[in-house]
Amino acid sequence: MGHFWTFLTYLHSLAGPTVTLLYPLYASVKAIESTTKVDDEQWLAYWILYSFLTLTEMVLEPLLQWIPIWYQIKVAFVAWLVLPQFRGAAFIYERFVREQLKKYDGRIGKDRHPHKVKLKFAELISPKKEHEAY
């Protein structure tokens with residue numbers, strides 16, 4: 001029984017990184033290389049949601065450590081986000097995130113002035129001397 005338990009512990013420790021990082025990384029690279037936009041949306045939505053989940057987990061860590069099965073719940077939820085049969089990440093983004101973004105910023109989904117947005121971002125990240133010329 002000892003070897004079986006060790007095997008299950010090892011398998012358990014591999015499942016999380018495989019489901020949350022390795023497979024999404026592989027699928028994201030494939031999505032970038034494909035010609036369709038549908039898979040791009042799925043994986044961009046996944047990385048947005050995974051980042052939000054990770055940040056939330058960091059903030060709520062003192063509370064989450066009291067939930068003994070939190071890691072299993074997280075892995076199951078992320079598996080639902082990741083698996084192509086469910087397209088959970090795209091579903092949550094479309095149903096909840098996009099709606100909230102539209103409430104607070106009516107420009108979401110519209111390219112009003114894309115070059116102005118890029119210029120503002122460039123101003124934020126570039127040294128003062130470079131963007132004074134604009």
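Residue indices begin at 1 and follow the sequence shown.
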- request: Establish whether I92 and V78 are linked, either directly or via other cluster members, by ILVMFWY side-chain heavy-atom contacts under 4.5 Å.
  value: yes

Report all side-chain donor-acceptor pairs from residues 49-58 shorter than 3.5 Å, counting only partners two or more places apart or in another chain.
unit_1: S51; atom_1: OG; unit_2: W47; atom_2: O; d: 2.7
unit_1: T54; atom_1: OG1; unit_2: Y50; atom_2: O; d: 2.8
unit_1: T56; atom_1: OG1; unit_2: F52; atom_2: O; d: 2.8
unit_1: E57; atom_1: OE1; unit_2: K74; atom_2: NZ; d: 2.9
unit_1: E57; atom_1: OE2; unit_2: W70; atom_2: NE1; d: 2.7

query: Which pair of non-hydrogen atoms, one from A45 and one from A89, has the smallest distance, and what is that distance?
result: CB-O, 3.6 Å

message: Measuring from atom CZ of F91 to atom CH2 of W80, what distance do you get when rounded to the nearest 0.5 angstrom?
response: 5.5 Å

- prompt: Are W66 and L60 connected, step by step, through hydrophobic side chains (Ile, Leu, Val, Met, Phe, Trp, Tyr) whose heavy atoms are closer than 4.5 Å?
  reply: no

query: Are more than 12 heavy atoms from other residues, nucleotides or ligands located less than 6.0 Å from atom CD1 of I69?
result: no

query: Is the count of non-hydrogen atoms from other residues, nucleotides or ligands lying under 6.0 Å from E61 atom CD greater than 12?
result: no

message: Side-chain heavy atoms nearer than 4.5 Å, only ILVMFWY residues, links allowed to pass through others: does that put I32 and L44 together?
response: no

- request: With sequence neighbours left out, write down each residue that passes side chain to side chain contact (heavy atoms under 4.5 Å, CB included) with V38, or none if nothing qualifies.
  value: T36, R87

query: CD1/I48 to CH2/W43 distance, rounded to the nearest 0.5 angstrom?
result: 13.0 Å

query: How many angstroms lie between atom CG of L25 and atom OH of Y46, to the nearest 0.5 angstrom?
result: 10.0 Å

statement: Nearest heavy-atom approach of D40 to S34 is OD1-OG, 4.5 Å

field: Heavy-atom side-chain proximity of L83 to Y23 below 4.5 angstrom
entry: no

message: Using every non-hydrogen atom in the two residues, find where Q42 and G88 come nearest and quote the distance to one decimal.
response: OE1-N, 4.4 Å

